[in-house]
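This report refers to the structure that appears directly beneath it.
What you see below is based on every heavy atom in this structure, not just the backbone, and it leaves out hydrogens, waters and symmetry mates. Sequence lines set the chain letters: A, B, ... in the order given, protein chains first and strands last, and positions in each chain run from 1.
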Amino acid sequence: MPDLSIEIAGIKLRNPVLLASGTAGYGEDIARYCDLNRVGAIITKGIALKPTPGNPPPRICETPAGMLNAIGLPNVGVDTFIKENIPFLKKFDTRVIVNIFGATVDEYGEVAGSFTGVEGVHGLEVNISCPNIKEGGIAFGTDLEATRRVVRTVRRSTTLPVIIKLSPNVTDIIPFAMVCKDEGADAISMINTLLGMSIDTETWKPRLANITGGLSGPAIKPVAVRMVWQVYNAVDIPIIGMGGITTTGDAVEFFLAGTSAVAVGTANFLNPNVSIEIIDGLGRYLEERGIDSIRGLIGAVKI
Amino acid sequence: MPDLSIEIAGIKLRNPVLLASGTAGYGEDIARYCDLNRVGAIITKGIALKPTPGNPPPRICETPAGMLNAIGLPNVGVDTFIKENIPFLKKFDTRVIVNIFGATVDEYGEVAGSFTGVEGVHGLEVNISCPNIKEGGIAFGTDLEATRRVVRTVRRSTTLPVIIKLSPNVTDIIPFAMVCKDEGADAISMINTLLGMSIDTETWKPRLANITGGLSGPAIKPVAVRMVWQVYNAVDIPIIGMGGITTTGDAVEFFLAGTSAVAVGTANFLNPNVSIEIIDGLGRYLEERGIDSIRGLIGAVKI
Amino acid sequence: MRARVISNLCIKGSYYKLTIKPSTSIRAIAGQFLMIRPAAYQAFYEPLLPRPFSIHRLSPDGNLEILYKVVGKGTAILARCGNNDEIDFLGPLGNGFPVRLTKGSSGEILIVAGGIGVAPMLYLTESLRASCPEKRVIVFEGGRETVDLLCVEELKKIATEVILATQDGSTGIKGYVTEALEWYLHKRSSEMQATVYACGPNPMLKRIAEIVYPLNVDTYFSLEATMACGIGLCMGCAVKRKGGGYFLVCKDGPVFRGETIDFDF
Amino acid sequence: MRARVISNLCIKGSYYKLTIKPSTSIRAIAGQFLMIRPAAYQAFYEPLLPRPFSIHRLSPDGNLEILYKVVGKGTAILARCGNNDEIDFLGPLGNGFPVRLTKGSSGEILIVAGGIGVAPMLYLTESLRASCPEKRVIVFEGGRETVDLLCVEELKKIATEVILATQDGSTGIKGYVTEALEWYLHKRSSEMQATVYACGPNPMLKRIAEIVYPLNVDTYFSLEATMACGIGLCMGCAVKRKGGGYFLVCKDGPVFRGETIDFDF
Ligand SMILES: Cc1cc2nc3c(=O)[nH]c(=O)nc-3n(C[C@H](O)[C@H](O)[C@H](O)COP(=O)(O)OP(=O)(O)OC[C@H]3O[C@@H](n4cnc5c(N)ncnc54)[C@H](O)[C@@H]3O)c2cc1C
Ligand SMILES: Cc1cc2nc3c(=O)[nH]c(=O)nc-3n(C[C@H](O)[C@H](O)[C@H](O)COP(=O)(O)OP(=O)(O)OC[C@H]3O[C@@H](n4cnc5c(N)ncnc54)[C@H](O)[C@@H]3O)c2cc1C
Ligand SMILES: Cc1cc2nc3c(=O)[nH]c(=O)nc-3n(C[C@H](O)[C@H](O)[C@H](O)COP(=O)(O)O)c2cc1C
Ligand SMILES: Cc1cc2nc3c(=O)[nH]c(=O)nc-3n(C[C@H](O)[C@H](O)[C@H](O)COP(=O)(O)O)c2cc1C
Ligand code: FES
Ligand code: FES
C-alpha cells in the first residue's frame, strides 16, 4: 500500500484528506455517514468567543455546478464547544483542527488562546476570509496589514499549530501567503469561497437573505487550483488545498498543483462518505502508477 | 411590444443584447447562424496594432459548468481589420463595438486613434483584463494607476465612445470603475474571465499550453452578478454586464443587478443563435409583467 | 445508500410517482424524507445538490414511493430516470409526524395539504387511522386547479371526510385550502380541541398558524427549506425560531409544532 | 438545428451508433462533422459545450448516423438519449475529404483509421469507390484490441483489401496501425504514387507523416482538437501550421494535407 501519511504544520495525519470547515459541523452529524477514524482530520465549523445564531434564511442557493452560502457562522461559542463537542471528537482516532474567527484582532487571539492545553485539539485554522459576516471575515483576509496583525496575534496566543485560511477574493494571493509565513504560521489553507450573488427573476429578490454569499463547489475548482499553483511556486509554506474537490481526480489535481493535503467541502453535501472514497481512490491512484507516497504528487505538475 | 432599446455610452442600441468580444469573431462566422441585424451590437474579437498568432494549443478546456481559454488574442491587426472586416460588418444594420488591446499604454492610444473616422465603428471596448497574454492584459486591469493611464490615453486618442472592460481578478472592483468614470470613459463592461487552471491527472500536464487561462460560462455568473451589483451601487457609470449569460433569466438577473446592457459570450458556443432567443425572451418577460421598457429592470433588485 | 428504480411514471400534469427498491430494508414514519440524487448523474454537477423528498409510502414489499412534481432541474433529471436506474439516497431523515397523540389530546384530527404537500399526508392519514382509530380524521386538500389534487380517491377511502379546494374553483371550494379550514373551524365551538397536521408552502403554514392561534388546537407543520445536505452539516435549512435563533429543518424537523416557528421571514 | 433520435444502440464495448432524423434534409461529404448537444440537457451546463462527431453515414432516407465511443461526460450523456429524444446540432461542418482526385494523381488509395477514427472512413471508402472506381482502395484499421475494430465487415465489402492491426495482437498484425502501413509501403517501390487518407489520434497522424515523408504520397489527415464552437468563433481548436501560425481545425479543416501541419505540439 502506498504511504498516504503526511505531516503538515507539525500535525501528523494518517492521510491527507480533511473535512473542510463548515461542511462537517462539529463532527456529530457526519459521523453517522463517514468513519471519522479514517479521515486525515476534521476541521470543525468556525468557533468564536461567544455563541452566534447565524444569518436569517434563505442561507443557501444552488448555482451552476456550485452553491452560494451565507450561513453567517452560527456557533456555540468556545466554552460550550470545549465542554460539549470536543469530548465527542476525542472518541475518534483522528486529528481535530479547530476553525476559529473573531470580530477583532484581539478576539482572534483570545479564541486561539482558549484552546491552549485543550486535549483533543491538534491545530487551529484561522478563518480570515468568511465573506458572510461583517466581523471576523473577509475584511481581515483582503487587507495585507490586517492579515499580518491577525496572524501575529494568533501566533503569540498559542503553541498549537496555526493554519491561516486565505480568501480568493484578492488581486494577488501570493503576498498574503508570504505574510502568513513571515508571521510564523505553520501552514495555509486555501481557498475559502468566492464572493457571489444570485437574484430570483420571479421575485426580484436576492436568493440569499444576506444578499451576497460565498461560492463553493466544482465551479470554483479552476480558480482554486490556479491559486494553489501560484502560491506553491512563490512561497515556502505547506498548503491545505480546497475548492470544489469532489472526486479522487480533483484531489490529485490539487496535489499536482502543490498542496500537501486537501479538504473536502461542498462535496460532503452530495455524499457525506465522499472523503473516505477519495482516500481509497488516492491509494489506488498511487498504486496503479507505482508511486509509493502521496509526497510523490505534491507540486509534480509538468510545466 | 415593450421597448428594448437603450442608449449606452452614447450608442443607440436596438436592444440591450450584445455579442461578447472573442466569442463572435469579426462577425463572419456567426452571421450564418445569428441574424446580426437583430442583435444590439457585436463586440468584435480583440484587435491590436499588429497581427498576432495567438497561443499554442491546447487553448481551451471544459470545466464544471464553465470553460478555460487561453486563446492569446490572435488578431489580424488594425489595418487588415479596417480594410477587410469592417466592410463585412457594415452590411448589417447593427452597432459595431471594436474591442482593442495593446502592449503599452501608448499602443492602446494608437490603436484607439486608428478607428477615428472609420465608418461603421460605433464604439471601442478597451480590454485591460485579458488573463492570457503578457502584454495588453490583466497587468493593466489589476493595477489602478495603469488602468488610469490606459483610460486617459485612450480617451484622448479618440472621439468614439470608450468602454473599459474590467477584470474580476481584483480585491475590490469599485475603485477601478471609479477611475474609468473619472478619466472620462463612457461605460464599463464587466466581467472578463476569472484566472483559472486545470491539470490533466493522466499526463500531469496543465490542460492549457499557456498553463493558466480565463474561466467563463455559467460557473462564474454569481461572481459577475455580485460585481455588477457592487459597481451599480457605488459608481454612476453605465455597465455592460457579462459572465455566464446563457438564458433570458440570466440576462434578467444582470439587469436587476444593474447593467444597462448585457453581452453573451461562452453561450454562443453552445448555440450561436442564443442572443436572438434572449432578445425575444426579454421582450416576452417584460410583456408578461406589463413592463414597458427594459429600463424598468435596471438595478431593480429588491433589497 | 443505493436503490434501484422499480417504476417512475407520470401520474398527470407534472406529477410523477417514483418507486424504488433500496438495497437494504427501510423503516420510516410519515413525514420523514429522503435526500435523492440519481446515480447516473453523480459525475455531473448540474444539479449539484441532492433534493429532499418526503416518503410518500412504504410498500409492503419494502419499496419506497416518492410523489413529486417537476419544477426545476433536480426534478427534471429525476423524471428522466428509467426502470433499473440507480438512485443514491440518504434517509429516512428528520423526525416525522407524531402519530401517538398524548393521552389527554382529544378532538378531531385535521390534515391540511397544499399542492405537492400532500405527498407525505396519505401515509400520515393511514398511520393516524391505525394509531387513533376512534378519532375523526378530516383531510383538507388544496391546489391551483383540479390537476393539482392528488391521492383524492385513496384519501377518501381512509379519512372520515375529504374537503377539497382549488384556486380556480374547478373542484371543491373556490379558494385556498386555508379558507376551507377556516370555514370548517368556524362551524365548530372554539373550545373544541383538535390536532392539525399540515404540509405545504410556508405561506400556507403561516396562514394556518394565524387561523388556529385563538383556538384550542395543536399544530404539527412540516416545513420546507432549501437544503444542501439534509443531515445537519451545512446549516443552510434554517427557519426562525420564535423567541430568537433558528431551527434546522432537516435535523430539528421537518415537523415542528406551529407555535415554535416565527413565520416572519 | 433539431433532430430526433431514431435509434441509439450500443454496438459493442463502449461503442455506440446513433441515428437521427434532422428536421430538414442534409447533404454532406465524408469527413464533415456535426456539433451535437442533446436538447434535454440544454438547461444543464454539465457538460457545457457541444461535442464534435464525424458523420458516419447518411442513410438514403435522410437520417444521419454517428458512430461514437463513450469516453467522458459528453458521450455518456449522449449514450443516455433514447428514441424520440431531441438532439440539437450544427452541421455538416468543416471541409471533408476530397474524393475527386486530380487527373494526374495515380496509384493506390490507402485509408488509415485508428480507433474511433474509423467513424468517417466507411463513408469515405464508399465515396472514393464511387468517384475512382478504377483504383485499388486499401484500408488499414487499428485498435487496442479486437473490440476496438469497427465496421470491418462493411469495409471488407467495398475495399480492395482491409488490413487490421491490434496492439494486443488479438486480430491481424500485432502493433500499431502505422506499423501495418509502414510494412505495406515497404513492399512497394518508393516511386509508386499513392494517396493516404487518415483519421485517428494526432500521434498516429504524426507517425504517418514521418513514414510517408520520403515517399511519393499525398496525405489527407482529419485532425482532432478540443472544440468549443465548431464554427470558427472561439479560436480554440488551433493546430500548428508548418512555417508558423495556426489553422483552426473546425474551419480550415478538419481535413488537412499532412505536409501543412506542424505536429510538434
Ligand atoms: C422535507 C422536504 C420534503 C419535500 N418533499 C417533497 C415531495 O414529496 N415531493 C415534491 O415534489 N417535492 C418535495 N419537496 C420539495 C422539493 O424538494 C423541491 O421541489 C425540489 O427540491 C425542487 O428541485 P428542482 O431542482 O426541481 O427545482 P429547482 O431548480 O431547485 O427550483 C425550481 C423552482 O422551485 C422553487 N423551489 C425549489 N425548492 C423549493 C422548495 N423546497 N420549496 C418551494 N419552492 C422550491 C425554486 O425557487 C424555483 O423557483 C420537499 C422539500 C422538503 C424540504
Ligand atoms: C472533427 C472531429 C470529429 C470527431 N468524430 C468523432 C466520432 O465520429 N466519434 C467519436 O466517438 N468521437 C469523435 N470525435 C472525438 C469526440 O469529439 C470526443 O471523443 C468527445 O468530444 C469526447 O467528449 P466526452 O465529453 O465524452 O469526453 P471528455 O469528458 O471531454 O473527455 C474524456 C477523455 O477523452 C479525452 N478527449 C476528449 N476529447 C478528445 C478528442 N477530441 N481527442 C482525443 N481525446 C479526447 C479527454 O482528454 C479525456 O481524457 C471527433 C472529434 C473531432 C474534433
Ligand atoms: C455551507 C458552508 C459553510 C462553510 N463554513 C465555513 C466556516 O465556518 N469556516 C471556514 O473557514 N470556511 C467555511 N466554509 C468554506 C469551506 O470550508 C471551503 O473553504 C469552501 O467551501 C471551498 O471548498 P468546497 O468548494 O470544497 O466547498 C464553508 C463552506 C460552505 C459551503
Ligand atoms: C474563447 C474566448 C475568447 C475571448 N476573447 C476575448 C477578447 O478577445 N477580448 C475580450 O475583451 N474578452 C474576451 N473574452 C471574454 C468574454 O468577452 C467575456 O468577457 C467572458 O467570457 C465572460 O462572459 P461569458 O461567461 O458569457 O463567456 C473571451 C472569452 C472566451 C471564452
Ligand atoms: S440541509 Fe444541511 S443542515 Fe439542513
Ligand atoms: S472550435 Fe471554435 S473556432 Fe474551432
Query raised in the report: Of all of Asp250(B), Ile303(B), Leu68(B), which one pairs up most often with chain A through heavy atoms under 4.5 Å apart?
Result: Ile303(B)
Query raised in the report: Going from CE on Met197(A) to CD on Glu253(B), what distance comes out if it is rounded to the nearest 0.5 angstrom?
Result: 8.0 Å
Query raised in the report: Is there a donor-acceptor pair under 3.5 Å between the side chain of Thr171(B) and the backbone N or O of Thr142(A)?
Result: no
Report task. Sort out for me which of Pro206(A), Gly217(A), Gly249(A) touches chain B most, counting heavy-atom pairs under 4.5 Å. Result -> Pro206(A)
Query raised in the report: Among Val301(A), Thr63(A), Ile220(A), Asp200(A), which residue forms the greatest number of heavy-atom pairs with chain B at distances under 4.5 Å?
Result: Val301(A)
Query - Residue Ser198(B) versus chain A: region with a heavy atom under 4.5 Å - result: both
Query raised in the report: Is it the backbone or the side chain of Leu256(B) that comes under 4.5 Å from a heavy atom of chain A, or both, or neither?
Result: both
Query raised in the report: Side chain, backbone, both or neither: which part of Arg289(B) has an atom under 4.5 Å from a heavy atom of chain A?
Result: side chain
Query raised in the report: Which of the residues Pro218(A), Pro222(A), Gly196(A), Pro64(A) is involved in the greatest number of heavy-atom pairs with chain B at under 4.5 angstrom?
Result: Pro222(A)
Report summary line: Closest non-hydrogen contact found for Ala219(B) with Leu215(A) is O-CD2, 3.8 Å
Query raised in the report: For Thr203(B), is it the side chain, the backbone, both, or neither that has a heavy atom closer than 4.5 Å to a heavy atom of chain A?
Result: backbone
Report task. Under the side-chain contact (heavy atoms from CB on, under 4.5 Å) rule, what do Ile199(B) and Phe254(A) come out as? Steps first, then yes or no, please. Result -> CA-CA 9 Å; Ile199(B) 303 171; Phe254(A) 275 80; over 6 Å; no
Report task. Side-chain contact test, heavy atoms from C-beta onward, threshold under 4.5 Å: evaluate it for Val223(A) versus Leu195(B) and give yes or no. Result -> no
Report summary line: Cut-off 4.5 Å, heavy atoms of chain B, and the answer for Phe255(A) is neither
**Report entry** Residue Asp292(B) excluded, over 12 heavy atoms near CG under 6.0 Å
**Finding:** no
